[in-house]
Every structure is written in C-alpha cells, then in structure tokens.
Amino acid sequence: MKYSKLCEVYKKLSSTTKRLEKIEILCSFFNELEEKNIEIIYLLKGSFLPDYDQRDLGISEQILIKALSKAFSLEPQKIVKKFKEKGDLGDVGEYFIKEKKQNSLFSNDLTTEKIFENFKKMLSFEGKGSIDKKILSLSELLLLAKEEEIKYLIRTVLSNLRIGLSVQTILEAFSKYFFNGENKDLIEEKYNLSNDLAEIFLSSKKGIRELEKINIKPGIPINVMLAIKVSSIKEGFEYCGRPAAFEEKYDGFRMLINKKQNGEIFLFTRKLENVTNQFPDIVKVVKKNVKAESFILDSEVVGFDHKKQKYLPFEAISQRIKRKYEIKEMTEDLPVEINIFDCLYINGESLIKKSFVERRRVLEKIIKEEKNKIRLAIQIITEDEKEAEEFFKKSLEKGNEGVMIKNINVEYKQGRRVGYMCKFKSESNELDLVIVKAEYGEGKRSGFLTSFTLACRQDDEFLEVGKVSSGLKEKEEGLSYEKITDLLKPLIIKEKGKEVELKPRIVVSVSYQNIQESPSYSSGLALRFPRIISLRPDRSVYDIASLDDIKRELKLFKNK
Ligand code: ATP
C-alpha cells in the first residue's frame, strides 16, 4: 500500500475529536486491509508490531537528527536549530522536504511494505555498528517520503504519532465494521488476551466463532485484571460478596510468569514488557519450584534484603526492571521474593473462566514454597468484618501496603477494573500520574529539571492536576534531580524559557495531603502538597489515575 494512502487516514483522524467520526474513517479504511497486508493495522497506533511485542526501534531524537542530516545532506546543527523553533521533528522533516522539493519529486513512492522491511531490519541490528546501520536504513525511508509522509514517518519512528486514536476506538470500529455495532465486550475481552489488533481483525472477519476461539497463550502477555479502591472493609464486602478472600497487598511490581509447553519461561510486566533477561533469578526459582508443564501465573515481585531480613521499598528494585547490564550483580545486590496470587493457565488449559477459589486450589497444588524466594499470597477467606480488620492490621504490621479483597466465585477479568478484586490500603493518599511539563531550576539546581506538572487521564487526553517539586533528592540516593532530568530530556517536545513540554511517558507515584477544586489546572482539580514518592517504570500512561478516580477521592475528602 502507498504510505500516502495511510497518511490521508492519519490526517482525517487527527482532524476530528469526535469518536463516531473517527470510527467512520476507520471503517472505510478497513476495506483496504487484507490478510497479506494486515500488519498495516499496527501503523494506526504508531507502532509496527503487535502490542504484546514491546520491542522498539531504539531511535532517539539524536539518532533521528543524524538520519535526517544524512538523507538531506544538511548540517545537524541546522536541523537542531529548526527543531528548537518547531518543537517537533516530524514538522522539521516536513520543512526540509519542502525546502528541497526537487529531490522528492523524482523519488519512488514510499510503501508500507518498504517501511516494514526497513523497520524489521533495524530491529535485527545489534552490537557494534548497529546505530550506523539503523541510520542508513532510516535515511533510506526518509529520502523516499514526501511532505506529509515524512512527518508521520518520523513520529512513528519516535513512537509519538499523536493522531488522537486509542485502542478503544479501534476496537469499537471493529464492532461497527464486522458486527453492526454488536459484540463490543467480546472484542475487548479477546483483545485483552491477545494484545494483537491484527489477530482480532482477522478472526472477526471470519466471524464470531473464530473470535470466540481466541484464547490465552503462554508466551503472550495479557492485560491483567485491576482492582477497585475501597475505603473500608465493609465496602470491599459490598463489591466482592460474603465470604470474600483477603490477601496481603505486597508493595512491589506485578509480574506475569509464563511457561510454554517446551519449558521456556517468559516474564512480563503489566506494561507487557518482556523482562525475562532482567530476572534470571526468578526464572531459576520458577523452574525449580513450580510443578507443571505449562502455566501462566499472576504475581507481585517484592525486593527482599537477605542480610537485614527486611523487605525493600519499590524504588530499590524498580531499577532492575530496565537494567540491561550487570544483571548478575543486580540479582545479588537486590534479591526478590515472588508472591503468587493467581493462576490463569495450566497444562494446556485456560483457567480464566474458572472461579477464583478453583484457580487458587490449582496454585496450592503446583507451588513449592521456598522462604523469601517464592510463596503463595497469604490469604484468609472470611465473612466476618472483625476478622478481616485483624488481617488488615497484621498485614500493615508486616510492612505491606494493605489488603486485597477478592470475590471467590468469579472468573478473571483481564484488562478490567470490575470489582472482582478490591484494594484497601492504610490512610495514604497516593496516585500514579504522568509528568507532562517541567521547569529548569536556578542556582545550584540550574541545568536540572526541578519542578514538574502532573497529569491524570481522561480517555485519550491528559489533564493537569498540579505541580510538584518536592520528594526528589539533590544527590544520587533515591530519585535525584539528575536522574529525572536524564529521563525527561529525551521527551522534550517544546521549550519556552525555563519551561519544557514533554511527551507523557514518565509515570510517578505521588502522595498529597488533600484535593481541591481549582481553575488553575485543566482538570479543574489540584493536589495540595504533592510529593513524588517513586518512579514507576513498570506502569504505562494507561495505568495512571483517571479524572474520575481523582473526583472520587475528592468526594471522600469532602465526606470526611
Ligand atoms: P497500587 O498502586 O495500589 O499498587 P495499581 O495501580 O498498581 O495499584 P491495582 O490493580 O489498582 O494496581 O491494585 C492492585 C495491585 O496490587 C496489583 O496490580 C498488584 O500489583 C498489587 N498486589 C499486591 N499484592 C497483591 C495480591 N495479593 N493480589 C493482587 N494484587 C496484588
């Protein structure tokens, strides 16, 4: 397919904010998709792989500037200057193409096939010289692109397409296109299992039977079930019924542990990132202590200091998630304990539709516990509020965050927050938010970003809820200004004076004292006295608090 055709669709999609119009645009585009070119569907999301495959091209803005400079024989400084002016490398590419019009007039058309060919090549380059090879492949594409095409191509390469299209809207368009608006829930349910738009498209095309056949598979990460926050044990019972299961709520990060029939183990975070290589210690323990041929387990991984016999805060082990080097040293310095709380697949059979008690029973059979290495989540089943209250207190005394309350009679609802599982924490006011803007500091902090604007989500939009500058440290220990500046700098979209606008990528857990209505922020709400507690590299922008979540908190404050 000519890339220009897809760019037309991008253009139309970005020209409207109305969901129904977007769905119409998508439906007419779907006529162009066939089995042989189905990969194009990934480009709609600004990616070139299914969502379950989180590898990326590894192209930073700096590398892209080099590729542009090679393609257009321009001095990199000239490109950097334009970038400062326009704030978007896609627009910069478009500007230079216009300037060099005669070049592109005679070039061949850029096709989606060529894009996939080069992207796949770029993915395969590794080790020494790989950056130069990537620059070459990329500049080949840049040279083929025409005016608008280059803008979208560059944004795709930088994983920042910005056409205002969510997966949710694509799934709704599937429902409209294939089933006349029916089967929305089924499509979403299946998407949360496969994380592959192409698979959902092709199965839906064959009909509902084929769609129904899509199932959980070891080796492919699913979107995990999420919890509703409750403010009392009683409310937990209201959601989950009586009796309900109460489990300790561990303060680590979520991990899906998969074993394929051939014995291969895969570890995924809840952002679907494959972290198998980062946790060889977990692979070893799982191989030894989980007795089944194939499985998918849901768990919380917590840092545990063997010398001090103490659990470690999340910040300590969070660095292991992104770590690419010195992994062995890390496993020794920051050992972890796996707390398994669910089993979704066992020996070739999906357990998703089985009740929680049945799934737990399977866990009890297959896990051989080993002190401070692997265990089942500590659980009681009760209908008594006092007993549950006692369990909650003990859980806090042990240093946990609180308790999880679970409905024992229901299936697993992947990707959803439906109240089959609730969380009840101690009186801590905490939210996960994304950083959308930042400001450079002054004096000894000059050169560092030291103040951050936080945002929550409302569908595909990010709405500001406050500014934070406390919680970070001057020096290395904990989360330093230097570290956060290094993380944020590559995400700068625009710069104006001291303020920078950022791609919303960096998620942080933030504590606060109160929430109040405020016209100063786009959400209409402001957090009072926010502090950054930790970076959350295990969470994506889809995991952050929604505007509704914060409104709910506000209501709770008002009722206190
Ligand atoms: P939080 O920031 O409160 O951990 P969250 O946004 O990560 O919440 P939720 O689904 O809202 O995710 O809350 C439940 C989280 O608690 C799970 O995602 C999981 O990481 C963690 N957890 C710890 N212990 C358990 C347990 N026993 N059962 C289920 N989840 C647990």
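Positions are given from 1 along the sequence. Indexing begins at 1, ligand by ligand and atom by atom, following the structure's order.
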A.B. asks: Below 4.0 Å from ligand 1: does a non-hydrogen atom of Q379 turn up there or not?
C.D. replies: no
A.B. asks: Cation-pi check for F314 against R536: NZ or CZ below 6.0 Å from the six-membered ring centre and within 45 degrees of the axis, yes or no?
C.D. replies: yes
A.B. asks: With side chains defined as the heavy atoms from C-beta onward, is the minimum distance between S318 and F253 less than 4.5 Å?
C.D. replies: no
A.B. asks: Measuring from atom 15 (C) of ligand 1, which candidate in K423, R539, K249 has the nearest non-hydrogen atom?
C.D. replies: K249
A.B. asks: Closer than 4.0 Å to some heavy atom of K425 - which atoms of ligand 1 meet that?
C.D. replies: 1 (P), 2 (O), 3 (O)
A.B. asks: Among all protein heavy atoms, pick out the one at the shortest distance from atom 14 (C) of ligand 1; state its residue, atom name and that distance to 0.1 Å.
C.D. replies: M404 CE, 3.7 Å
A.B. asks: Return the residue, atom name and 0.1 Å-rounded distance of the protein heavy atom closest to atom 10 (O) of ligand 1.
C.D. replies: A227 N, 2.9 Å
A.B. asks: In the protein, what heavy atom is nearest to atom 19 (C) of ligand 1, and what distance, to one decimal place, separates them?
C.D. replies: E300 OE1, 2.9 Å
A.B. asks: Look at K353 together with E358 and state whether they make a salt bridge at an N to O cut-off of under 4.0 Å.
C.D. replies: no
A.B. asks: Considering only heavy atoms, does K229 approach ligand 1 within less than 4.0 Å through its side chain, its backbone, both, or neither?
C.D. replies: neither
A.B. asks: Run the numbers on E188 and K184 for salt bridge (charged side-chain N to carboxylate O under 4.0 Å, His left out), then give the verdict.
C.D. replies: CA-CA 6 Å; E188 195 182 327; K184 275 191 198 154; over 6 Å; no
A.B. asks: Please could you name the atoms of ligand 1 that R270 approaches to less than 4.0 Å, counting only its heavy atoms?
C.D. replies: 5 (P), 6 (O), 7 (O), 12 (O), 18 (O)
A.B. asks: If you measure from each heavy atom of E430 to ligand 1, is any distance below 4.0 Å?
C.D. replies: no
A.B. asks: Taking 4.0 angstrom as the limit and counting only heavy atoms of L226, give me the atoms of ligand 1 inside it, by number and element.
C.D. replies: 10 (O)
A.B. asks: Less than 4.0 Å between a side-chain N and a carboxylate O, is that true for K413 and E411?
C.D. replies: yes
A.B. asks: Could you list which atoms of ligand 1 come closer than 4.0 Å to a heavy atom of K406?
C.D. replies: 26 (C), 28 (N), 29 (C)
A.B. asks: With sequence neighbours left out, what residues match E212 under side chain to side chain donor-acceptor pair (under 3.5 Å)?
C.D. replies: none
A.B. asks: Looking at residues at least two apart in the chain, or sitting in another chain, which of them share a side chain to side chain donor-acceptor pair (under 3.5 Å) with K503?
C.D. replies: none
A.B. asks: Need the ligand 1 atom indices (1-based, order shown) with element for anything under 4.0 Å from a heavy-atom of E247.
C.D. replies: 26 (C), 27 (N), 28 (N)
A.B. asks: By number and element, which atoms of ligand 1 are closer than 4.0 Å to a non-hydrogen atom of R254?
C.D. replies: 17 (C), 18 (O), 19 (C), 20 (O)
A.B. asks: Test D51 against Y191 for side chain to side chain donor-acceptor pair (under 3.5 Å), laying out the working first.
C.D. replies: CA-CA 10 Å; D51 281 351; Y191 176 75; 2.3 Å; yes
A.B. asks: Could you find the nearest protein heavy atom to atom 24 (N) of ligand 1 and give me its residue, atom name and distance?
C.D. replies: Y250 N, 3.0 Å
A.B. asks: If we only count heavy atoms from C-beta on, is the K406 to M225 side-chain gap below 4.5 Å?
C.D. replies: no
